[in-house]
Amino acid sequence: ITDSQLMQVLGKITELGRGLVLQNLAKVTTLELEAMKEIKGEFAVFDCAAMEQILLPNLEKVGGRIKIYIKPEDKAQLTGALEVVEMEALTSVGSSLLIEDFWSLDSINMNKLVSVGGALRLF
């Protein structure tokens with residue numbers, strides 16, 4: 001699946017009743033979901049080695065956990081591809097907030113985040 005195919009499927013969704021898990025999407029470099037406002041379950045992106053940007057600027061609430069882990073293409077590398085995580089409107093996460101590819105990030109924007117129901121782990 002490519003960036004444009006993913007956006008065609010998910011681009012107009014404003015709310016998800018369970019969760020959104022993206023795994024092993026080798027060709028996707030950008031996840032940009034401007035319409036998404038609430039995910040009632042988990043939001044996870046992992047083992048997507050080409051992912052450079054995760055952009056959900058209007059996402060306000062995640063009822064479950066957020067887990068982001070971008071496995072580098074070459075396991076010997078100490079840096080992954082992920083550079084930007086943009087969730088500017090996010091105010092609450094019901095469970096844990098885990099970002100496990102922190103060393104390669106240039107920017108994380110979660111400036112309005114005031115509540116995390118579980119662990120906050122950046123490593």
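The shortest distance between side-chain heavy atoms of Leu90 and Phe43 does not fall below 4.5 Å. At a threshold of 4.5 Å between non-hydrogen side-chain atoms, the residues Leu22 and Leu6 count as touching. Side-chain contact check for Met51 versus Val28: some heavy-atom pair is nearer than 4.5 Å. Annotation: side chain of Lys67 is in contact with side chain of Glu100 (closest heavy-atom distance under 4.5 Å). Considering only heavy atoms from C-beta on, Leu25 stays 4.5 Å or farther from Leu31 through its side chain. Met7 places a side-chain heavy atom less than 4.5 Å from the side chain of Leu33. Residues Val62 and Met87 are not in side-chain contact: their nearest non-hydrogen atoms beyond the backbone lie 4.5 Å or more apart.
Side-chain atoms of Asn58 come within 3.5 Å of backbone N or O of Glu34 as a donor-acceptor pair. Remark: side-chain polar atoms of Asn109 are not paired, donor with acceptor, to backbone N or O of Glu88 under 3.5 angstrom.
To the nearest 0.5 Å, the span separating CZ on Phe123 from CD1 on Ile99 amounts to 10.5 Å. Distance OG1/Thr14 to CG/Leu59: 11.0 Å, rounded to 0.5 Å. To the nearest 0.5 Å, atom OG of residue Ser96 and atom CD1 of residue Ile66 are 10.5 Å apart. Note that CG of Leu82 is 5.0 Å distant from CD1 of Ile54, once rounded to the nearest 0.5 Å. From Phe46, atom CZ reaches atom CD1 of Ile68 across 12.0 Å, with rounding to the nearest 0.5 Å. One distance of note links CD of Glu15 with NZ of Lys37; it measures 11.0 Å at 0.5 Å rounding.
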| field | Met36 and Ile13: CA distance, side-chain angles, deciding distance, side chain to side chain contact (heavy atoms under 4.5 Å, CB included) verdict | value | CA-CA 6 Å; Met36 189 71 66; Ile13 297 173; 3.9 Å; yes
| Can you list the steps and then say if Met110 with Val85 is a side chain to side chain contact (heavy atoms under 4.5 Å, CB included)? | CA-CA 8 Å; Met110 296 180 180; Val85 175; 3.9 Å; yes
| task | Could you walk me through whether Leu122 and Leu105 pass side chain to side chain contact (heavy atoms under 4.5 Å, CB included), step by step? | result | CA-CA 11 Å; Leu122 305 174; Leu105 286 172; over 6 Å; no
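Residue Lys112 comes nearest to Ala89 through the heavy atom pair CD-CA, 4.3 Å, listed as atom of the first residue, atom of the second, then distance. Glu42 and Ile39 get closest at one heavy-atom pair: O-CG2, 3.7 Å. In terms of heavy atoms, Val116 sits closest to Leu97 at CG1-N, 4.1 Å. Taking both residues in full, the closest heavy atoms of Ala26 and Ala50 are given as O-CB, 3.3 Å, listed atom of the first, atom of the second, then distance. Contact detail for Val45 and Cys48: the closest heavy-atom pair is CG1-SG, 4.2 Å.
In the hydrophobic clustering, where aliphatic and aromatic side chains (Ile, Leu, Val, Met, Phe, Trp, Tyr) are joined below 4.5 Å either directly or transitively, Leu98 stands alone.
Hydrophobic cluster membership differs between Leu55 and Val9, with clusters built from Ile, Leu, Val, Met, Phe, Trp and Tyr side chains linked at under 4.5 angstrom.
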